[in-house]
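In what follows, chains are A, B, ... by sequence order, proteins preceding strands, each numbered from 1.
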Amino acid sequence: MTAPAPVPGPVRTRFCPSPTGLVHVGLIRTALFNWAHARHTGGTFVFRIEDTDAARDSEESYRHLLDSLRWLGLDWDEGPEIGGPNGPYRQSERHGIYADVAAKLLAAGHAYESFSTNEEVDARRLAAGQDPKLGYDNHDRHLTDAEKAAFRAEGRQPVLRLRMPDEDLVWTDLVRGEVRFAAGAVPDFVLVRGNGVPLYPFVNPVDDALMGITDVLRGEDLLPSTPRQLALYAALTDIGVASGTPRFGHLPLVTGEGTRKLSKRDPTSNLDIYRDRGFLPEGLVNYLALLGWSIAEDRDIFSPGELVEAFDITRVSANPARFDLKKAEAINATHLRALPVGEFVERVVPYLAGAGLVGQPPTAEQDRVLRAIAPLAQERMIVLSEAVGLLAFLFVDDVEIDPAAAEKQLAGADAVEVLDATVAALTDLADWSTGAIEEALKTALVEGLGRKPRQAFGPVRVAVSGRTVSPPLYESIELLGRERTLARLAAARAVAASAAG
RNA sequence: GGCCCCGUCGUCUAGCGGCCCAGGACGCCGCCCUCUCACGGCGGUAGCGAGGGUUCGAAUCCCUUCGGGGCUACCA
């Protein structure tokens with residue numbers, strides 16, 4: 001077969017999920033590549049909802065899908081809540097269209113009515129010494145009117161099958177190059193069920209054709225269904241429903257820990273967990289884009305804008321890609337650190353507010369503290385939710401001292417001595433600033449007590465922040481203020497004293 | 001079983017016949033910086049699945065083989 005004639009015109013891609021359950025990261029990666037390809041080429045990105053499975057689809061899942069794409073910044077030009085010239089964009093609202101196209105296909109002879117039951121097909125395969133797994137045998141292609149009438153008289157409802165061409169089915173895959181299926185390898189498949197309900201392999205290409213989709217980028221799991229769609233497109237083009245065959249690009253599968261396709265059951269496949277933990281949308285987009293694509297030989301950090309600028313579908317790798325949480329976190333952390341202070345504060349406030357630490361919006365004082373600590377916090381976080389544990393001590397009256405930290409740093413007479421010296425140094429400190437605090441503490445603890453900095457500041461840190469790990473001490477003390485600092489030092493001293501017995 | 005896809009460090013990848021006794025990133029290890037933790041800097045670890053060709057020359061092209069994966073519904 002010669003290469004099919006492409007759909008003419010500028011690029012039009014689409015994303016067409018079913019609203020069933022959780023939003024899968026592999027699905028999002030597919031959406032991302034379609035979006036990036038459309039944006040890069042100045043084309044159009046169409047969003048269509050394939051909600052034809054009433055049993056599994058849900059309105060909640062539908063809303064969640066829209067919300068997820070919006071959060072990631074994957075904006076669509078045509079689709080739900082936006083509309084467009086090729087709507088409606090929910091399959092559940094398009095039923096009338098399919099019956100009409102099916103009738104035309106039947107009338108033109110591209111499709112035919114088939115009455116064979118699965119049992120009959122298997123029996124014929126077996127009788128011919130063949131493996132029943134080969135499937136339907138194209139037996140009903142040339143039924144006479146009398147034969148059809150006889151079947152109907154038995155009460156049988158025929159399915160509608162597409163007549164597959166007797167030639168190799170070939171296409172040049174955007175990511176894999178030429179792919180070929182031998183003539184006869186794919187049986188005539190079902191377009192419409194006996195009960196009149198059209199099937200996915202039929203409605204999906206019909207909608208793509210009607211919506212003028214030029215480039216179909218989808219998961220590799222759908223590659224085996226492409227020869228059927230090629231045949232369908234040829235038929236649709238013949239009857240004037242399609243204006244050509246789209247280009248196909250089969251994206252590598254996203255795998256989980258092993259080598260298997262990342263399943264919907266795998267908790268790590270759920271987009272929500274990344275969002276809830278405080279991944280930045282641009283961080284996740286950056287990482288997801290790396291699953292099968294690379295921007296340059298020596299670079300892997302980029303913004304969505306830079307992705308669009310550089311994206312080239314023909315440079316997408318054909319290998320399966322494993323989702324690596326560590327790398328995703330590293331990429332996100334880099335984006336987090338690069339955030340301007342104001343923006344970081346804006347994004348972290350919902351997490352802090354959610355934990356009851358600051359108001360929504362924060363008070364002027366909370367905002368001042370947040371902005372001051374932001375640069376120090378940013379380089380210690382990989383996701384936004386970590387701000388809660390890291391910064392809580394700045395927004396409460398009294399800290400709760402972590403038992404393990406107390407055990408480690410407040411366990412003896414040494415700690416008492418250090419804390420006493422610290423109180424003495426800070427109580428009347430004239431200039432309550434980071435620099436003056438640092439100088440006062442070094443003088444009192446390092447020089448005065450003759451301790452190594454490491455040992456000197458441990459108990460102070462735990463007293464002030466409640467933890468052994470915190471933002472830099474002097475800055476923290478300054479932001480905390482004299483009153484709370486001294487109160488915490490006193491409280492910690494009591495703990496240390498009782499431990500010292 | 002059949003059809004199809006894939007095969008470079010542990011992971012994601014660069015590489016499209018000489019620039020590669022293979023580059024980057026994450027991870028891991030070490031050192032430096034240092035009030036903790038990070039950040040940052042420096043260094044290290046580790047790979048072309050195997051076998052045949054083609055070629056002056058192959059990670060790159062061809063074949064075979066092995067391995068991994070996907071699909072095999074009147075689901076989507």
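- Under 4.0 angstrom from either OP1 or OP2 of B:U8 there lies at least one side-chain N or O belonging to A:N319.
- Within 4.0 Å (heavy atoms only), A:V190 reaches sugar-phosphate atoms of the nucleic acid but no base atom.
- Nucleic acid contact for A:F323: none, since no nucleic acid atom lies under 4.0 Å from a heavy atom of the residue.
- Regarding A:R299, its CZ atom lies at a distance of 15 Å from the P atom of B:A14, rounded to whole Å.
- With a cut-off of 3.5 Å on both pairing distances, the Watson-Crick or G-U wobble partner of B:C26 is B:G10.
- Spacing between atom CG of A:L325 and atom P of B:U11 amounts to 16 Å, rounded to whole angstrom units.
- Counting any heavy atom pair closer than 4.0 Å across all strands shown, A:P471 reaches a base atom.
- Put simply, A:R193 has a side-chain N or O that comes within less than 4.0 Å of OP1 or OP2 on B:C75.
- For the P atoms, the distance linking B:U8 with B:G68 amounts to 14 Å, nearest Å.
- Nucleic acid contact class of A:T259 (heavy atoms, under 4.0 Å, all strands): sugar-phosphate only.
- Here the nucleotide nearest the side chain of A:D324, chosen from B:C3, B:G70, B:U11, is B:U11.
- A:G219 comes within contact range of no nucleotide atom at all, as no heavy-atom separation falls under 4.0 Å.
- One can find a donor-acceptor pair under 3.5 Å joining the base of B:C37 and the side-chain atoms of A:R380.
- Taking atom C1' on both B:C31 and B:C5, the two are 46 Å apart, rounded to the nearest angstrom.
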Show every donor-acceptor pair shorter than 3.5 Å between a side-chain atom in residues 330-338 of chain A and any protein atom, with sequence neighbours excluded, or say none if there are none.
{"unit_1": "A:N332", "atom_1": "OD1", "unit_2": "A:L280", "atom_2": "N", "d": "2.8"}
{"unit_1": "A:N332", "atom_1": "ND2", "unit_2": "A:I382", "atom_2": "O", "d": "2.6"}
{"unit_1": "A:T334", "atom_1": "OG1", "unit_2": "A:A330", "atom_2": "O", "d": "3.0"}
{"unit_1": "A:H335", "atom_1": "NE2", "unit_2": "A:N286", "atom_2": "OD1", "d": "2.7"}

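- Aromatic ring centres of A:F33 and A:F311 lie closer together than 6.0 Å.
- Residue A:P472 is classed as a base contact, given a heavy-atom separation below 4.0 Å to a base.
- Closest contact between the side chain of A:V469 and the listed nucleotides B:A76, B:C37, B:G68 involves B:C37.
- A:E154 has no carboxylate O lying under 4.0 Å from a charged side-chain N of A:R152, or vice versa, which leaves the two without a salt bridge.
- Residue-level contact check: A:S294 touches the backbone only, with heavy atoms under 4.0 Å from sugar-phosphate atoms and none from bases.
- Remark: the A:R461 side chain and the B:C35 base include a donor-acceptor N/O pair separated by less than 3.5 Å.
- Rounded to whole Å, atom P of B:A25 lies 11 Å from atom CD1 of A:I301.
- Remark: C1' of B:C39 and NE2 of A:H335 are 17 Å apart, rounded to the nearest angstrom.
- Backbone-only engagement by A:T52 is indicated by non-hydrogen atom pairs under 4.0 Å involving sugar-phosphate atoms exclusively.
- Proximity note for A:V179 (side chain, C-beta onward) versus B:C4, B:C16, B:A76: the nearest is B:C4.
- A distance of about 31 Å separates the C1' atoms of B:U64 and B:G23, rounded to the whole Å.
- Map A:D131 and A:P453 each onto its nearest nucleotide of RNA chain B; the residue landing nearer the 5' end is A:D131.
- Using atom P as the reference point in both B:C32 and B:G7, the two lie 43 Å apart (nearest Å).
- Residue-level contact check: A:L253 touches the backbone only, with heavy atoms under 4.0 Å from sugar-phosphate atoms and none from bases.
- In this structure A:A436 satisfies the side chain to side chain contact (heavy atoms under 4.5 Å, CB included) test together with A:L429, A:D431, A:S433, sequence neighbours excluded.
- Residue A:A321 is classed as a sugar-phosphate contact, given heavy-atom separations below 4.0 Å to backbone atoms only.
- Here, B:G67 and B:G51 have their C1' atoms 14 Å apart, quoted to the whole Å.
- Contacts of A:K133 with the nucleic acid, taken as non-hydrogen atoms under 4.0 Å apart, include base atoms.
- Base engagement by A:L222 is indicated by at least one non-hydrogen atom pair under 4.0 Å involving a base atom.
- In this structure, A:R90 is positioned above the aromatic face of A:Y62, its NZ or CZ under 6.0 Å from the six-membered ring centre and within 45° of the axis.
- Rounded to an integer number of Å, the gap from CG of A:L230 to P of B:C4 is 15 Å.
- Nucleotide B:C74 holds its C1' atom 13 Å from the CZ atom of A:F189, rounded to whole Å.
- At a threshold of 4.0 angstrom between heavy atoms, the contacts of A:E50 are confined to the sugar-phosphate backbone, with no base atom among them.
- Checking the phosphate oxygens (OP1, OP2) of B:C71, a side-chain nitrogen or oxygen of A:K261 falls inside 4.0 Å.
- The separation of B:A22 from B:G41, taken at their P atoms, amounts to 24 Å, rounded to a whole angstrom.
- Ring pair A:Y274/A:Y287: centre-to-centre distance not below 6.0 Å.
- Residue A:R467 has no polar side-chain atom (N or O) positioned under 4.0 Å from OP1 or OP2 of B:A38.
- Using a cutoff of 4.0 Å between basic side-chain nitrogens and carboxylate oxygens, A:R14 and A:D207 are not scored as salt-bridged.
- A:Y200 comes within 4.0 angstrom of a base, heavy atoms only.
- The side-chain tip of A:R161 points at the ring of A:Y136 from less than 6.0 angstrom away and within 45° of straight on.
- Using atom C1' as the reference point in both B:G18 and B:C12, the two lie 28 Å apart (nearest Å).
- Atom CD of A:E220 is separated from atom P of B:U72 by 13 Å (rounded to the nearest Å).
- When the nucleotides B:C3, B:C71, B:G24 are ranked by their closest atom to the side chain of A:K327, B:G24 comes out on top.
- The aromatic rings of A:Y98 and A:H95 sit perpendicular to each other, their planes meeting at more than 60°, with 30° as the lower class boundary.
- Rounded to whole Å, the distance from CZ on A:R322 to P on B:U8 is 12 Å.
- For the OP1/OP2 pair of B:C4 and a distance below 4.0 Å, the side-chain nitrogens and oxygens of A:R180 include no atom meeting the criterion.
- Straight-line distance between the C1' atoms of B:C26 and B:C63: roughly 37 Å, to the nearest whole Å.
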